[in-house]
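Just below is one structure, and these are the notes that go with it.
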There are 2 protein chains.
Amino acid sequence: MTTIRDVAERAGVSVTTASYALNGIGSIGDATRKRVLEAAEALNYHPNAFARHLKKRKTHTIGVFISRFGGAFYEEILEGIHSIILETDYELLVCPESRSTRRMLLHRQVDGAIVFDSKISDDDVLKLASGHFPIVVLDRSLQSDFILPLLLDNAQGVREAFAHLYGQGCRKIAFVTGAMDSFDNTERMATFLAEAEGRNLHVPVYPGNFTEVSGYAAAMSILQSGDLPDAVFCANDQMAMGFLRAMKEHGLHAPADIAIVGFDDIPLSRYLQPSISTIGTSRFEWGATAARQLIDFLDTESPFQPHRIPTRFLPRESSTLRRESPSAAG
Amino acid sequence: MTTIRDVAERAGVSVTTASYALNGIGSIGDATRKRVLEAAEALNYHPNAFARHLKKRKTHTIGVFISRFGGAFYEEILEGIHSIILETDYELLVCPESRSTRRMLLHRQVDGAIVFDSKISDDDVLKLASGHFPIVVLDRSLQSDFILPLLLDNAQGVREAFAHLYGQGCRKIAFVTGAMDSFDNTERMATFLAEAEGRNLHVPVYPGNFTEVSGYAAAMSILQSGDLPDAVFCANDQMAMGFLRAMKEHGLHAPADIAIVGFDDIPLSRYLQPSISTIGTSRFEWGATAARQLIDFLDTESPFQPHRIPTRFLPRESSTLRRESPSAAG
DNA sequence: TCAGTGAAGTGAAACGTTTCACTTTTAACT
DNA sequence: AGTTAAAAGTGAAACGTTTCACTTCACTGA
């Protein structure tokens, strides 16, 4: 572990001079600077990040906190964030859930954070956020000058989807929920039920948890009841996939027997057979917006600009009963 | 920014006592400990990670360095790594390419690293690695006691693929390369050419760079030459996708006109039409193995166990001319 | 009563940087 | 030669922890 002290010694200068030379600041003679740089090179010196960050109060790094990497969901958001990072001089650190006390531990190891992990409590986020530590949250609604909730406009897409099903004559529509502690699920369900209520429709609700398996299970309990709906809205695509799998096993077809709509537009949804009607957004833009706003805040202290990320319904095979017009493709 | 000094003051104890109490070590009376904990809670105190890590020489964190998040490739590796992390008390930090001096900056911010980013030079990896900083590399071959190269067994899969094509009677086989500075590409190409040579076949080589577009371009130059091969091996699936797109645009079909084989088994390859024959591995296991070995090294100093990650050929529609036996499915 | 013991608590050095405030050297003018 | 200013370089404090070595104190048992 060579330190700046070793470098200074070898170059025959003081630690101060070595520091200035290495950072290219202060007034240091060319010859001296060169000698220091050579010493550093020769000793394979790398500054200790902790000592440096302890002294300077900034790390020029933003942290992204997610629960996991899979799920075909985070990837595009991370790419969006990364695309903005590449335009700046910031670093990016992505931290998934871990057993130890990540939340506390990583605090102040980054200058700001983007949070997309329901395992992190609202309370922790509220406590951590400050003018020195702004946070963008992608999965919840929180009120603070230093927190920017950047949420999907769930209502918009759900309304479009409902209109599509209703417009096709579906009147017996069931809803399969996601995890009940999810903000998005709550909003999707509330919107859907409100739309139905507006048309005097009763919507049976089946509990799920966003997993493929829970969609399958919901389908099983519906199919076994014998009383089939003509359409089912699943709170995400994974569950729609599970639902479709169960239908196939029972010799039923979407949309002929039951029209299916999901949410998220995961990459697979387009390629399955039938392709899954779903509600999508540009996740890349979502991530990019989050990163942009966070960095703007850090650089210029400009206050956060709350807004919703637009979503839109993408009709595909799993719910389209008859093609209205030949040119109307999703 | 409340510090441990503030906590100590509020609790009416020394900084030392506060530190011991907060860390649950030393001999501190129950009443005192409680007072310290309450003070910390009241002040919303979080230890400064930099000061802590500067003093203790360990961070209990491993870093993963990748070039980007997309490409349908890293996701599963990251999930594999994460799965191991969850079993331990380590933290995980994932760091994609950035404009600033990430390599130096992150050094010592983690206890060990997993590298999968060709933009990081061999030289840097060699210099950084040491008994205090072990590195697992997933994309290159390097010799050091403190570096573990965990590479795909490219040869195995390529040989199987070649045998498959040759066994079907293909004799005029072209190769589309990946990026020339890629270790994997080099190995895939070398194996393929060696296999061909062994059967006295000449293989025309078309340059690509692993992108879908470069596969498309390679196809265009082959198709325009008018002299069609009966099979093409692409060094990865993205290029195979591009190749197939070009074929479709020319009214050609795989495998009837040209049999196509890719490499990587990206999720999409299974769902496209035709589905793409490819060479796959368990990327989840790959990541898990990397994490396991790194953590073993850190915990027990047990030396690295070099080995290759097995790959296997997955015959699908794009290359299977006739089904040999009804039961032989991939 | 007192040495001995263990529990409870503390002072201060150390980790490796950066940077403020300062001194020394050099060069440029009269 | 003497003055001044700028350039080059340095000492030491600070960042916020942890932890070694130490003190204080109350209690035990003889």
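Quick note: numbers below take in every heavy atom, side chains included, and nothing from hydrogens, waters or symmetry partners. Naming convention: chains lettered A, B, ... in sequence-line order (proteins, then strands); numbering from 1 in each chain.
In this structure Asp145(B) satisfies the salt bridge (charged side-chain N to carboxylate O under 4.0 Å, His left out) test with no other residue, sequence neighbours excluded. In this structure Asp299(A) satisfies the salt bridge (charged side-chain N to carboxylate O under 4.0 Å, His left out) test with no other residue, sequence neighbours excluded. A search for ring pair (Phe, Tyr, Trp, His ring centres under 6.0 Å) contacts involving Tyr90(A) returns His60(A), not counting sequence neighbours. Partners of Tyr74(A) according to the ring pair (Phe, Tyr, Trp, His ring centres under 6.0 Å) rule, which considers only residues two or more places apart in sequence or in another chain, are Phe116(A). With sequence neighbours excluded, no residue forms a ring pair (Phe, Tyr, Trp, His ring centres under 6.0 Å) with Phe284(B). When the salt bridge (charged side-chain N to carboxylate O under 4.0 Å, His left out) test is applied to Asp296(A), no partner is found at least two apart in sequence or on another chain. For Phe183(B), there are no ring pair (Phe, Tyr, Trp, His ring centres under 6.0 Å) partners at least two apart in sequence or on another chain.
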Can you give the donor-acceptor pairs under 3.5 Å from side chains of residues 20-30 of chain A to other protein atoms, not counting sequence neighbours?
unit_1: Asn23(A); atom_1: OD1; unit_2: Arg52(A); atom_2: NH2; d: 3.3
unit_1: Asn23(A); atom_1: ND2; unit_2: Ser19(A); atom_2: O; d: 2.9

Mind listing the N/O atom pairs, protein and nucleotides 22-28 of chain C, below 3.5 Å?
none

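Over its length, the helix from dT1(C)-dA30(D) to dT30(C)-dA1(D) turns its helix axis by 50°, as judged from the five terminal pairs at each end, rounded to 10°.
Residues in residues 73-86 of chain A take part in these salt bridge (Lys or Arg N to Asp or Glu O under 4.0 Å) pairs, two or more places apart or across chains: Glu76(A)-Arg283(A), Glu79(A)-Arg68(B).
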Output one letter per nucleotide in nucleotides 14-20 of chain D: B when a protein non-hydrogen atom lies under 4.0 Å from the base, S when only the sugar-phosphate is that close, - when neither is.
BBBBBBB

